[in-house]
Amino acid sequence: MRRKFRVFRYKPGWSRHRYETYMVDLPDTATVLEALIHIRRDQAPDLTLRHSCLHGSCGTCGMRINGRERLACLTPVAELPDPITVEPLYNLGVVSDLVVDVPAFYEKFTLIERPLLRRSEAPAQGKPPEGIPAFTRLESCIECGLCLSACPVVATDPYYLGPATLAAAWRLVEEPRGKDPAAILALVDDPHGCWRCHLAMECSEVCPTGVHPARAIVSLRAALSAAPKTLSQEENPTHA
Amino acid sequence: MSRASDFHVLIIGGGATGAALAHDLALRGFRVTLVERGEVTSGTTGRHHGLLHSGARYAVRDPESARECIEENFILRRIAPDSFELNDGLFVAITEEDEAYLEPFLEGCETCGIPTQVLTREQALQMEPNLNPKVRVAVRVPDGTMDAMRLPLRFLATALSNGAVVRPFTEVVDLLRRNGTVYGARVRNHITGREEDLLADVVVNAAGPWAGRIAAMAGVDVPVRPSPGVLVAVEGRWTNMVINRLHPAGDGDIIVPQRGLSIIGTTSWVVEDPDHLDVPPDHVRRMFEKGAEMVPAVGHARLWAAWSAARPLVGSREASTGRELSRTFKCFDHASEGVEGFVTIVGGKATTARAMAETTADVVCRKVGVSAPCRTREVTLLPHTAYYDLLTTQGF
Ligand SMILES: Cc1cc2nc3c(=O)[nH]c(=O)nc-3n(C[C@H](O)[C@H](O)[C@H](O)COP(=O)(O)OP(=O)(O)OC[C@H]3O[C@@H](n4cnc5c(N)ncnc54)[C@H](O)[C@@H]3O)c2cc1C
Ligand code: SF4
Ligand code: SF4
Ligand code: FES
């Protein structure tokens, strides 16, 4: 199939971004990521984009496709009307073309220090062999930043911890793995923490791996309301 | 004796191999710059199957690779804690023919030092209730699941913390040569659009399936065959252990669980240009069929993604399917072909990247007359998130 792409282009030093149009011939099963890789290979060698796993596990290929946050590697071109507009994620700052400032994501995410491994929940009936106390798996959050891009609060409050960080916090409260959940709850119990969210659910709608940050935020609030008052609540009675 | 810090090494390629090499050389005290044309791990590395190999797959036919895998498997568990789903793996016999392979398989594993435990049908089904109930016998081995990008990021993070410079979106467009010596590379920064010359005492070609292209810039030939394979991810975590078919390595005979997915692989053919990979629909169908023979549920699971990646196999020009090529690695010091200052490291597996780096760093030391022992077996790697923290300080 022959498809039309409108791609956001920006390089440091430009006064503003522009859109370039590319026509691409693709197999019927192609994803937006494959299309962009073809465009870079055959038409625009200076187009910068991030990709790694090609199956929704690394989280590098997040972008806005026809206005919506998606992983390019999981978005079939055949599903989309022409022209297909591809833009970088919001709220992280653009470095070059579709590449955003990834360190800005980790600045807040790493506050939580959530381990990468968690208990495995499926298949439920499996019994680990001798020597393996419990089956484990990698955490679902792939650090893609889609939720940050979609969140209206992140867009207006630069201090907001944001959906990915709050979801990671809830994972530690849910399964502490040797860490102290009270310290995590104290961290998110802040006007720029879990109380800042509007619960409009945009984050959960765009999350590609079912992390459901909005639900995590509700759970954090519930845990804080149930827990004995923390120090920060006493200091900031406005949001107790 | 010269000091390592007197020398600058330029690494071309930010895959598993280049990442592990940057870490090794930085630990030995070299000044290191790594350039990668796209985001790091955007070549073969990020796309691989995610199997932390026990080596069992190669124990019968490729014992050299098998030994490398089991040795590195145990080292990685130590230096990269919290990186792997360590649920072990099963080799399952479904047919009588599979069962006949049990004896040579166990012998091969024993020779290569791979621990095994033979399990009855009932024991195997207890661990993995979604296995084909026709399973006759299973063998437990120390396979695991890795995150194909985040393990190399840990090597890179640690390299950055030891002074290495990492430059993504920086492509080598030519090598700088004078009188048969490579003394650097001309690179193009795709973010700024600028070209510049990076000078180096040694240039290491770690460009994976693209290594042939880089070597050609130095006028030498490396026998690397880009050998693609198709991988298919289906929705659902149908097992916790890695499931392998107990038979000689073939198509679609490994299922690697990862997060909430099950990934079936792979196939194998040979191409000329690793930038032109397709995903043949019949290969995708074959993954579903072959996968379902071991775990029937994956046959009906929803397709999540299908993609291809090119192995950088070392072998003769004649290989046709890629399966007959060894999975071990090779380091070429091109001085033997009259080109000084230039080394190529190619082949291997993501599992053996640390060993590949050790061998290559030893060659670099010898070339420049530095004596600095390898320390990568002991040093615990920083978490993957540190990569982005440290990259900021370099002005990403
Ligand atoms: C289908 C498949 C499944 C696999 N499964 C597994 C597995 O489960 N477990 C395992 O251990 N191994 C697996 N492997 C093997 C493993 O993926 C590879 O051996 C390993 O990733 C190779 O790493 P590398 O760094 O050598 O190459 P690459 O990752 O390809 O790195 C080379 C880099 O060089 C860059 N580059 C190229 N040209 C230039 C240039 N001119 N300038 C700058 N940079 C350049 C490329 O962009 C690329 O990122 C699998 C391989 C395939 C194909
Ligand atoms: S639910 Fe909260 S965190 Fe999620 S997008 Fe809305 S405001 Fe942001
Ligand atoms: S919570 Fe979901 S959308 Fe947000 S970073 Fe993690 S995986 Fe991406
Ligand atoms: S390339 Fe890894 S999530 Fe898309």
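Chain identifiers are assigned alphabetically (A, B, ...) following the order of the sequence lines, protein sequences preceding nucleic acid strands; residue numbering begins at 1 within each chain.
- B:D389 meets the salt bridge (charged side-chain N to carboxylate O under 4.0 Å, His left out) test with no other residue; sequence neighbours excluded.
- Heavy atoms of A:P76 lying under 4.5 Å from chain B are absent altogether.
- For the pair B:R77 and B:F84, the cation-pi criterion (under 6.0 Å, within 45° of the ring axis) is not fulfilled.
- Neither the backbone nor the side chain of B:Q123 has a heavy atom closer than 4.5 Å to any heavy atom of chain A.
- Taking the six-membered ring where the residue is Trp, A:Y106 and B:H384 present perpendicular rings, their angle passing 60° and hence far from 30°.
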Decide side chain to side chain contact (heavy atoms under 4.5 Å, CB included) for A:I132 and B:R140; before the verdict, give the C-alpha distance in whole Å, the side-chain angles of both, and the deciding distance to 0.1 Å.
-> CA-CA 12 Å; A:I132 296 182; B:R140 176 184 170 195; 4.0 Å; yes
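- Formation of a donor-acceptor pair under 3.5 Å by the B:N240 side chain with backbone atoms of A:F135 is not found in this model.
- Using a 4.5 Å cut-off between non-hydrogen atoms, the part of residues 112-129 of chain A that approaches chain B consists of A:P115, A:L116, A:L117, A:S120, A:A122, A:P123, A:Q125, A:G126, A:K127, A:P129.
- For B:R37, no part lies near chain A; criterion is any non-hydrogen pair under 4.5 Å.
- The backbone N or O of B:R259 sits less than 3.5 Å from a side-chain atom of B:E85, completing a donor-acceptor pair.
- Distance alone, capped at 3.5 Å, is enough to place a donor-acceptor pair between the B:S262 side chain and the B:W238 backbone.
- Salt-bridge annotation for A:R68 and A:E79: absent, with no side-chain N of the basic residue lying under 4.0 Å from a carboxylate O of the acidic one.
- Across A:P12, A:S140, A:S96, A:S57, the residue that shares the most heavy-atom pairs under 4.5 angstrom with chain B is A:S57.
- Using a 4.5 Å cut-off between heavy atoms, B:T239 contacts chain A through its backbone alone, with no side-chain atom that close.
- For a residue to count as touching a neighbouring chain, one of its non-hydrogen atoms must lie under 4.5 Å from one of that chain's; by this rule B:T192 does not touch chain A.
- With a threshold of 4.5 angstrom between heavy atoms, A:L49 approaches chain B through N, CA, C or O but not through any side-chain atom.
- Looking at B:S83, only its backbone comes within 4.5 Å of chain A, counting heavy atoms on both sides.
- Here the CG-CE distance, from A:L146 to A:M63, works out to 10.0 Å after rounding to the nearest 0.5 Å.
- Contacts of A:T136 with chain B are made by both backbone and side-chain atoms, with heavy-atom separations under 4.5 Å.
- Under 4.0 Å is where a charged nitrogen must lie from a carboxylate oxygen, and between A:D46 and B:R188 no such pair does.
- Contact count against chain A (heavy-atom pairs under 4.5 Å) is highest for B:N87 among B:L125, B:N87, B:L86, B:T44.
- Not counting sequence neighbours, the partners of A:E139 by the side-chain hydrogen bond (donor to acceptor under 3.5 Å, both in side chains) test are A:R171, A:R177.
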Residues 280-288 of chain B, side-chain donor-acceptor partners within the protein, below 3.5 Å, at least two apart:
unit_1 : atom_1 : unit_2 : atom_2 : d
B:H283 : ND1    : B:T267 : OG1    : 2.8
B:R286 : NE     : B:D251 : OD2    : 3.3
B:R286 : NH2    : B:D251 : OD2    : 2.7

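- Using a 4.5 Å cut-off between heavy atoms, B:L261 touches chain A through its side chain atoms alone.
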Evaluate the criterion side-chain hydrogen bond (donor to acceptor under 3.5 Å, both in side chains) for residue pair A:N91 and A:S149; output intermediate values, then yes/no.
-> CA-CA 5 Å; A:N91 299 337; A:S149 176; 5.4 Å; no
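- Both the backbone and the side chain of B:D147 come within contact range of chain A, each with at least one heavy atom under 4.5 Å from a heavy atom of that chain.
- Between the side chain of B:T145 and the backbone N or O of B:P257 there is at least one donor-acceptor pair closer than 3.5 Å.
- Only the backbone of A:P208 comes within contact range of chain B, with at least one heavy atom under 4.5 Å from a heavy atom of that chain.
- Using a 4.5 Å cut-off between heavy atoms, B:W304 contacts chain A through both its backbone and its side chain.
- Only the side chain of A:T60 comes within less than 4.5 Å of a heavy atom of chain B; its backbone N, CA, C and O stay farther away.
- Neither the backbone nor the side chain of B:L119 comes within less than 4.5 Å of any heavy atom of chain A.
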